[in-house]
Amino acid sequence: MQTWNSKFGREARTALMSSVLVVFGFMLACSADFALAKGSPNGAQAGKSDRWIHVRVLNKEAKGETVRVNVPLDLAEKVLPTINHRNFHNGRVTLGGQVHDVDLRALLEAVRSSRDGEFVTVNNNQNDVRVAKQGSYLVVHVQGHGDERAHRAHRVEVRMPLTVVNALLSGSKDELDLVAGLRALSTQPDVELVTVEDGHNSVRVWLDSKNATD
Amino acid sequence: MPLLAKIVLGCVGTACAAGVYAFHDGVMSVTVDENRVGGQHVHLMIPAAMIPVAARFVPDRHLRHAAENAAPLLPALTVASKELGRLADAELVRIDQANQHVRLATEGGYLVVDVREPGKNVHVRCPLTVVHQLAGELQELQPAN
């Protein structure tokens with residue numbers, strides 16, 4: 001009886017220890033795998049300062065909504081070439097001639113090759129428009145006149161680094177290379193790209209290294 | 001008796017191993033709470049490793065139909081899910097309006113979607129690896145051009 005018990009005890013202990021070792025080893029392997037899977041993104045973020053483009057839209061009405069979008073440039077640069085829709089293919093927009101009677105590419109070419117200073121000023125009853133090349137930036141300023149409640153009074157400020165303009169024009173004649181533009185933008189310092197204000201809404205687009213809006 | 005002990009231990013060991021394997025990729029959770037009388041309360045927790053396996057049991061025609069519907073988005077979704085996994089946690093989209101709130105964010109390798117509105121809260125949390133894997137599999141079902 002004692003022999004049987006000791007034999008059973010020995011076998012049970014062996015089986016138990018084997019099972020525990022197998023399970024423990026498996027758990028260790030899985031936890032290492034899990035830690036690796038979780039660790040890799042953190043490792044990637046630690047060694048690289050990602051550039052983020054932020055969009056914030058504020059509606060100033062009583063129940064107005066706020067929209068905040070934060071997109072890493074790296075992500076946009078990789079996702080854009082996968083989108084094919086209408087005149088947008090492989091991260092490039094085909095202009096197909098003129099946009100609202102304006103030859104956009106010719107306009108950007110003219111800006112790029114011009115000297116510093118104000119070179120387009122339009123003043124009329126509705127808007128004051130000023131386009132200038134200031135240092136390494138293309139600056140567009142639009143000031144609308146009129147009743148704020150009728151959304152006519154508005155202010156638009158665009159500040160675009162010229163290296164980005166150059167990159168946009170780096171493709172063939174009738175297209176804008178948005179991916180190249182984003183790549184160029186990712187090398188730029190923090191910059192306020194677009195500001196739009198009217199009586200009811202405020203839109204802001206800017207570039208920085210933070211992964212959240214203020 | 002020793003044989004029974006071995007069988008039990010083997011079963012327990014296998015169950016533990018299967019449990020660890022099932023949860024090692026994380027858990028997808030879906031929560032829907034309707035705060036009204038007779039409102040629905042859905043709380044689902046699905047081991048992420050089970051989702052691609054479960055997808056293999058979905059009839060082929062349904063998968064192809066889903067792949068066709070999502071076709072324009074799949075390449076972008078595949079790339080985005082991979083890239084988001086490499087980036088720091090972030091709030092990608094946030095929309096606030098009076099009592100309504102929508103939030104899309106990444107948290108610790110998970111894609112998190114939160115929708116809160118009066119009387120209804122929806123919370124979805126899915127590992128980015130699963131999104132990537134499913135998008136890739138659906139993309140493979142696309143007819144070659």
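Here the structure is a predicted model, which means the values were calculated and not measured.
- Interface remark: A/V79 contributes backbone and side-chain atoms alike to the contact with chain B (heavy atom separation under 4.5 Å).
- Heavy-atom pairs under 4.5 Å with chain A were tallied for B/V93, B/L73, B/L92; the largest tally goes to B/L92.
- For A/E77 and A/R183, the salt-bridge test passes: some basic side-chain N is under 4.0 Å from an acidic carboxylate O.
- Using a cutoff of 4.0 Å between basic side-chain nitrogens and carboxylate oxygens, B/R103 and B/D96 are not scored as salt-bridged.
- Taking A/T66, A/V57, A/V67 one by one and counting their heavy-atom pairs under 4.5 Å with chain B, the maximum is reached by A/T66.
- Within 6.0 Å of atom NE2 in B/H65, 12 or fewer heavy atoms from other residues, nucleotides or ligands are found, so the atom counts as exposed in its surroundings.
- Using a 3.5 Å distance cut-off with no hydrogens or angles, the side chains of A/W206 and A/D208 do pair a donor with an acceptor.
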